[in-house]
Amino acid sequence: MTADASAPSASAPSAPAPAPAHPQRTRVVIVGAGPAGLTLANILRAASVDCVVLENESRDFIEQRPRAGFLEEWAVRALEGRGLADRLLENTVAHTECEFRFAGERHRFPYADVSGHRHYVYPQPLLVTDLVREYADVRGGDVRFGVRDVEPAGIDTDRPSVAYTDPETGERVRLDCEFIAGCDGARGVTRDRMPSEHVTVARHDFGVGWLALLAEAPPSSDCVVFGIHPRGFAGHMARSPQVTRYYLECPPDDDPENWSHERVWAELHARLGAEGARPLNEGKLIEKRVLAMHNYVVEPMAYGRLYLAGDAAHLLAPIGAKGMNLAIHDSLLLGDALVAYYGKGDDSGLRGYSAACLRRVWQYQEFSQWLSDVYHGASSGDPFKAGTSMARLRRILGSPAAATGFAELFLGKDTDY
């Protein structure tokens, strides 16, 4: 079968990796144990489709790695429908509104009232912990941690494989399979296997950086706060009752060491200050790194027997809190397509996978760019950008029609799941 309807036939099949003495076999190899890979693995396991998950980090590492924390309601309901959200629903906090702060004033935006949908606060490490527990411990799935030198091969043949080095024995292991799912993130190896003449990688650089901070301090607001200030954007997002995520706009090549404890809190107070706002709860900074704001999209997301999902296929800066949601969306589509292929011999989902994913990917990309203009206009140094960004923001806050459109994009409301 052909993995993607738009894929040209390959002129030169890729060379397979050197074969170990006794190669192993499974139906699907999933490279990467993040939200995309583990959601996909659980879907396949529940349908009795053999798969193996390969992850180069340890289990402890992936269960503690700080990452995103906001899930859109459709994603939560989709996971719930697959039996993957019990612990999430027991421990999450639902948010129904956000707050914009600018010109010294606070403006609440009740997006649940406008759209009927909510956001759920559930840090990615907790979701990963739940998903790997369900897949490996409850359902007995095969996940191999700490693997090295992962090498997909033969993706343009009907006999693909993935080789890796076993971390305990140092031996090369080869998994012969029928499909490979590249869920290994922005720095993974699977995307590089897509032939350059087949794919387009569209990129966008926002020209700004965000200093990403985790503070051992209780949240200072009952909702997400976006501070729009001439000195730069600032964001406040609860992660738990004891930990808060903050963002501060900075140059994209800034050094986190330039930001002392005192400087960070002084800027947060200045950029998030508004009449009637609660004082910020200060605390120890347990994470401090600079994110250069950029996005990319790989199109198509499939070639031969290789399918990309999550950050391997598209990267979204944390401007719109969309990355984890898109990863889940990809894995739902790919999981259902593979289950239909093995259960019914129906390959239409696999052939249409890339196009179906990219409709949502590009919608979220456009929203991210639009929202970036709102967040960064005041600090751009360009009076025209500052004026138009403020006009957009006031329209959202003042027009019911604009508010509805924004809320639906903010929450990803239009979905089949």
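A quick note: this is a predicted structure, and the numbers were derived from the prediction, not measured. Note that the numbering runs from 1 along the sequence shown for the chain.
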Chemist: Using a 3.5 Å distance criterion without hydrogens, assess whether the side chain of Ser331 forms a donor-acceptor pair with backbone atoms of Thr39.
Modeler: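 Answer holds: no.
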
Chemist: Could you pull out the closest heavy-atom pair between Ala337 and Gly349, with the gap in Å?
Modeler: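 Smallest heavy-atom distance, with atoms named: CB-C, 3.5 Å.
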
Chemist: Looking at Asn325 and Phe70, would you say the former's side chain and the latter's main chain have a donor-acceptor pair under 3.5 Å?
Modeler: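 Flag set: sc Asn325 to bb Phe70 pair under 3.5 Å.
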
Chemist: Does a side chain donor of either Asp184 or Thr190 reach within less than 3.5 Å of an acceptor in the other side chain?
Modeler: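 The answer is yes; a qualifying pair exists.
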
Chemist: Under a 3.5 Å threshold, yes or no: a donor from one side chain and an acceptor from the other, between Ser380 and His376?
Modeler: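 Judged by distance alone, the side chains do not pair up.
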
Chemist: Can you tell whether the side chains of Arg203 and Asp205 come within less than 4.0 Å, N to carboxylate O?
Modeler: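 Salt bridge absent between Arg203 and Asp205.
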
Chemist: Hey, are Tyr122 and Arg239 close enough side-chain-wise for a donor-acceptor pair under 3.5 Å?
Modeler: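 Per modelled atom types, Arg239 and Tyr122 side chains form no pair under 3.5 Å.
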
Chemist: With the threshold set at 4.0 Å, does a side-chain nitrogen-carboxylate oxygen contact exist between Arg159 and Asp176?
Modeler: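 Salt bridge flag = no for Asp176 with Arg159.
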
Chemist: Between atom CG of Leu54 and atom OH of Tyr164, what is the distance when rounded to the nearest 0.5 Å?
Modeler: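 Those atoms lie 6.0 Å apart.
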
Chemist: Please round to the nearest 0.5 Å and tell me the distance separating atom CG of Leu40 and atom CG of Asp336.
Modeler: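 One finds 10.0 Å between CG of Leu40 and CG of Asp336.
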
Chemist: Do Ser58 and Asp60 get their side chains close enough for a donor-acceptor pair, meaning under 3.5 Å?
Modeler: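 On atom types as modelled, these side chains do not qualify, holding no pair under 3.5 Å.
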
Chemist: May I ask you to establish whether Arg289 and Trp259 are in a cation-pi arrangement, using a distance under 6.0 Å from NZ or CZ to the six-membered ring centre and at most 45° from the ring axis?
Modeler: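 Not satisfied by the 6.0 Å and 45° rule.
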
Chemist: Taking only residues two or more places apart in sequence or in another chain, which ones pass side chain to side chain donor-acceptor pair (under 3.5 Å) with Tyr120?
Modeler: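 Side chain to side chain donor-acceptor pair (under 3.5 Å) check on Tyr120 returns Arg77, Arg118.
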
Chemist: Between Asp222 and Arg108, does any side-chain N to carboxylate O distance fall below 4.0 Å?
Modeler: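 Yes, this pair counts.
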
Chemist: Quick one, Val264 and Leu213 - any side-chain contact, counting heavy atoms below 4.5 Å?
Modeler: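 Side chain of Val264 against side chain of Leu213, heavy atoms only: contact under 4.5 Å found.
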
Chemist: Could you report the tightest heavy-atom contact between His329 and Trp74, atom names first, then the distance?
Modeler: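 Looking at all heavy atoms of both residues, the closest pair is CB-CH2, 3.5 Å.
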
Chemist: Flag yes if more than 12 heavy atoms outside Lys385 fall under 6.0 Å of its NZ atom; otherwise flag no.
Modeler: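 No, NZ of Lys385 has 12 or fewer neighbouring heavy atoms, counting only those of other groups under 6.0 Å.
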
Chemist: Is there a donor-acceptor contact under 3.5 Å linking the side chains of Asn295 and His314?
Modeler: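 No, no side-chain donor-acceptor pair sits under 3.5 Å.
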
Chemist: Would you compute the distance between atom CZ of Phe179 and atom CG of Leu44 and round it to the nearest 0.5 angstrom?
Modeler: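 It is 10.5 Å, given to the nearest 0.5 Å.
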
Chemist: Taking ring pair (Phe, Tyr, Trp, His ring centres under 6.0 Å) as the criterion, tell me which of Phe100, Phe102, Phe206, Phe233 meets it with Tyr375.
Modeler: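 For Tyr375, the ring pair (Phe, Tyr, Trp, His ring centres under 6.0 Å) test succeeds with only one of Phe100, Phe102, Phe206, Phe233, which is Phe233.
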
Chemist: Measure the spacing between CG of Leu131 and CD1 of Ile62 and express it to the nearest 0.5 Å.
Modeler: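 Interatomic distance, Leu131 CG to Ile62 CD1, rounded to 0.5 Å: 9.5 Å.
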
Chemist: Mind checking salt bridge (Lys or Arg N to Asp or Glu O under 4.0 Å) for Asp137 and listing every partner two or more places apart, or none if nothing turns up?
Modeler: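 For Asp137, the residues satisfying salt bridge (Lys or Arg N to Asp or Glu O under 4.0 Å) (neighbours in sequence not counted) are Arg59.
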
Chemist: Are Arg139 and Glu134 within salt-bridge range, i.e. N to O under 4.0 Å?
Modeler: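 Looking at Arg139 and Glu134, the cut-off is met.
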
Chemist: Any heavy-atom pair between the side chains of Val199 and Glu299 that's under 4.5 Å?
Modeler: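 A side-chain contact under 4.5 Å is absent here.
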
Chemist: Name all residues meeting the side chain to side chain donor-acceptor pair (under 3.5 Å) criterion together with Arg27; count only those two or more places apart in sequence or in a different chain, and write none if there are none.
Modeler: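 Residues passing side chain to side chain donor-acceptor pair (under 3.5 Å) with Arg27: none at all.
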
Chemist: Check whether any side-chain heavy atom of Val31 lies under 4.5 Å from a side-chain heavy atom of Cys183, and answer yes or no.
Modeler: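 Side chain of Val31 against side chain of Cys183, heavy atoms only: no contact under 4.5 Å found.
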
Chemist: Between CG of Leu334 and SG of Cys357, what distance do you get to the nearest 0.5 Å?
Modeler: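 Result: 7.5 Å between the selected atoms.
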
Chemist: Side-chain contact, heavy-atom cut-off 4.5 Å: Asp130 with Leu84?
Modeler: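 A side-chain contact under 4.5 Å is absent here.
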
Chemist: Set out, in order, the CA-CA distance, both residues' side-chain angles and the distance that settles ring-ring contact (aromatic ring centres under 6.0 Å, His included) for Phe406 and Phe109, then state yes or no.
Modeler: CA-CA 10 Å; Phe406 174 80; Phe109 183 79; 5.3 Å; yes

Chemist: Side chains of Val28 and Asp50: does their closest heavy-atom pair fall under 4.5 Å?
Modeler: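 A side-chain contact under 4.5 Å is absent here.
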
Chemist: Would you confirm whether the ring centroid of Phe226 sits within less than 6.0 angstrom of the ring centroid of His236?
Modeler: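 His236 vs Phe226: aromatic centres not under 6.0 Å.
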
Chemist: How far does CE of Met293 sit from CD of Glu249, to the nearest 0.5 angstrom?
Modeler: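 Nearest 0.5 Å value for the CE-CD distance: 9.5 Å.
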
Chemist: What I want to find out is whether Glu267 reaches Arg231 closely enough, with some N-O distance under 4.0 Å, to be called a salt bridge.
Modeler: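 Salt bridge present between Glu267 and Arg231.
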
